[in-house]
Amino acid sequence: MPSESSSTGAFIQADHLEFSYSSLPAVVDVSVSIPRGAMCALIGANGSGKSTLIRLLGGLLKPGSGEVIFDGASLSTLHPRERAKRIAYVPQSTSNVFPFTALEVVLTGRSPYSGRFRFESSYDEQIALGALEALDAAHLASRHITELSGGERQLVTVARALAQEPAVLLLDEPASALDLKHRTQLTRALRKLRDERGITILMITHDLMLLDSAADLIFAMKCGRVIASGAPEVVLNDSVLGEIYDAPVRTMRRDGRTFVWSEL
């Protein structure tokens with residue numbers, strides 16, 4: 001019998017997730033539905049549970065209660081290697097202390113397809129170069145990762161996730177180290193991945209001004225709970241943003257775009 005997530009068209013379905021660090025609740029009774037091929041955003045103040053939730057959805061944390069359904073089956077039943085082929089996760093920051101080239105770093109994303117003693121093939125290198133090209137970062141391929149700026153390193157990290165050839169891409173503040181030009185570049189690349197490859201994307205972001213043009217669906221979190229969800233024009237308003245950031249926030253829509261600012 002098809003699962004509820006299959007019948008509703010959800011690719012990822014979280015049902016009543018709970019998670020705590022020691023006795024401190026981080027995610028509280030969260031249920032979300034992410035459609036296949038959608039680009040979704042997770043917003044909220046620091047410490048609201050966003051990073052914990054995205055790691056639960058990627059199978060990197062085990063919920064205290066509740067369940068994640070991925071493509072019609074419980075995520076917990078998916079073998080870690082198979083999960084790594086289908087779900088890629090980009091953390092907030094990574095450390096690269098060895099002077100590998102950017103291409104060598106991206107090639108590590110091919111590890112789910114490699115046996116214990118198998119080296120990367122020319123096909124793996126082709127996939128890795130394609131991942132860099134998808135982010136307009138192919139020019140970084142031969143440069144050492146230790147020589148790159150923080151923003152360039154972040155693009156390489158996202159490319160490494162793309163090299164996994166995932167169906168789902170989970171990103172924890174992928175643009176935090178990027179300037180405005182490269183944030184826009186990354187946003188355009190993610191939209192292209194959604195539109196041309198059908199990749200389902202969920203990203204944590206504080207770039208509210210870019211969400212109108214980027215996100216199909218937004219989830220707003222506060223104190224471990226999703227308190228609002230929907231299209232950008234539904235979630236990006238004074239009331240919701242003021243509540244999740246606990247600050248006087250003002251919004252204005254003009255020409256299909258939402259402008260956001262805080263009153264000091």
Side-chain angles (χ1 to χ4, degrees), residues 32-35 37-54 57 89-93 134-137 149-159 161-162 168-197 199-223 225-264:
V32 295
S33 179
I34 299 174
M39 187 165 171
C40 306
L42 190 57
I43 66 173
N46 293 337
S48 59
K50 304 184 302 298
S51 295
T52 300
L53 177 58
I54 208 170
L57 295 176
Y89 167 69
V90 179
Q92 285 188 37
S93 61
L135 296 168
D136 292 328
S149 69
E152 289 171 330
R153 291 188 191 188
Q154 186 69 343
L155 290 175
V156 172
T157 302
V158 176
L162 289 182
V168 175
L169 188 57
L170 305 175
L171 306 109
D172 193 341
E173 296 191 44
S176 60
L178 303 182
D179 58 27
L180 181 59
K181 174 184 175 181
H182 290 95
R183 288 182 190 183
T184 304
Q185 173 185 326
L186 176 60
T187 301
R188 287 174 177 166
L190 293 176
R191 284 191 315 201
K192 189 174 182 180
L193 292 169
R194 174 198 61 188
D195 296 340
E196 296 185 0
R197 302 190 191 182
I199 295 179
T200 302
I201 298 169
L202 175 63
M203 63 175 177
I204 296 173
T205 183
H206 293 292
D207 293 327
L208 304 181
M209 300 283 281
L210 292 176
L211 292 182
D212 275 308
S213 60
D216 302 305
L217 186 63
I218 300 174
F219 302 101
M221 290 194 73
K222 181 177 183 180
C223 298
R225 300 178 182 271
V226 173
I227 66 165
S229 64
E233 61 269 21
V234 173
V235 177
L236 299 180
N237 59 65
D238 298 12
S239 176
V240 172
L241 298 181
E243 182 174 358
I244 65 173
Y245 292 114
D246 194 24
V249 177
R250 294 292 177 262
T251 59
M252 177 180 65
R253 285 192 63 80
R254 177 177 293 177
D255 299 327
R257 300 291 301 274
T258 301
F259 299 87
V260 182
W261 69 96
S262 177
E263 294 187 345
L264 300 178

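Across all non-hydrogen atoms, the minimal contact from A215 to A41 is CB-CB, 4.2 Å. The shortest heavy-atom contact between A189 and L135 is CB-CD2, 3.7 Å. Between R197 and A134, the closest heavy-atom pair is NH2-CB, 3.9 Å. Minimum heavy-atom separation, I54 to L171: CD1-O, 3.6 Å. Closest of all the heavy-atom pairs between L217 and S33 is CD2-O, 3.8 Å.
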* Asked: Given the rule in the side-chain contact (heavy atoms from CB on, under 4.5 Å) test, do M203 and V90 qualify, once you have shown the distances and angles that lead to the verdict?
  -> CA-CA 9 Å; M203 63 175 177; V90 179; over 6 Å; no
* Full working for side-chain contact (heavy atoms from CB on, under 4.5 Å) between V240 and L236 -> CA-CA 7 Å; V240 172; L236 299 180; over 6 Å; no
* Kindly determine whether L211 and V235 satisfy side-chain contact (heavy atoms from CB on, under 4.5 Å), including the steps that lead there. => CA-CA 10 Å; L211 292 182; V235 177; over 6 Å; no
* **Pair L210-T205, side-chain contact (heavy atoms from CB on, under 4.5 Å): steps then yes or no** => CA-CA 9 Å; L210 292 176; T205 183; over 6 Å; no
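In this structure, D172 has no salt bridge (Lys or Arg N to Asp or Glu O under 4.0 Å) partners at least two apart in sequence or on a different chain. Residues that satisfy the salt bridge (Lys or Arg N to Asp or Glu O under 4.0 Å) test with R250, not counting sequence neighbours, are E263. Contacts of R183 classified as side-chain hydrogen bond (donor to acceptor under 3.5 Å, both in side chains), with partners at least two apart in sequence or in another chain: D207. Applying the side chain to side chain contact (heavy atoms under 4.5 Å, CB included) criterion to Q185, with sequence neighbours excluded, gives D136, L155, H182. Applying the salt bridge (Lys or Arg N to Asp or Glu O under 4.0 Å) rule to R253 yields the partners D212; only residues at least two apart in sequence or on another chain are considered.
A donor-acceptor pair is defined here as one N or O able to donate and one able to accept, closer than 3.5 Å; such a pair exists between the side chain of Q154 and the backbone of P174. With hydrogens and angles disregarded, a donor-acceptor distance shorter than 3.5 Å links the side chain of D216 to the backbone of M39. Here the side chain of K50 pairs a donor or acceptor atom with the backbone of A45 at under 3.5 angstrom.
At least one side-chain heavy atom of L190 sits under 4.5 Å from a side-chain heavy atom of L169. S51 places none of its side-chain heavy atoms less than 4.5 Å from the side chain of E173. At a threshold of 4.5 Å between non-hydrogen side-chain atoms, the residues M221 and V226 count as touching. Side-chain contact between L53 and I204 is absent, with no heavy atoms from C-beta onward closer than 4.5 Å.
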Let me have the donor-acceptor pairs involving side chains of residues 242-249, under 3.5 Å, with sequence neighbours excluded, atom names and distances please.
none

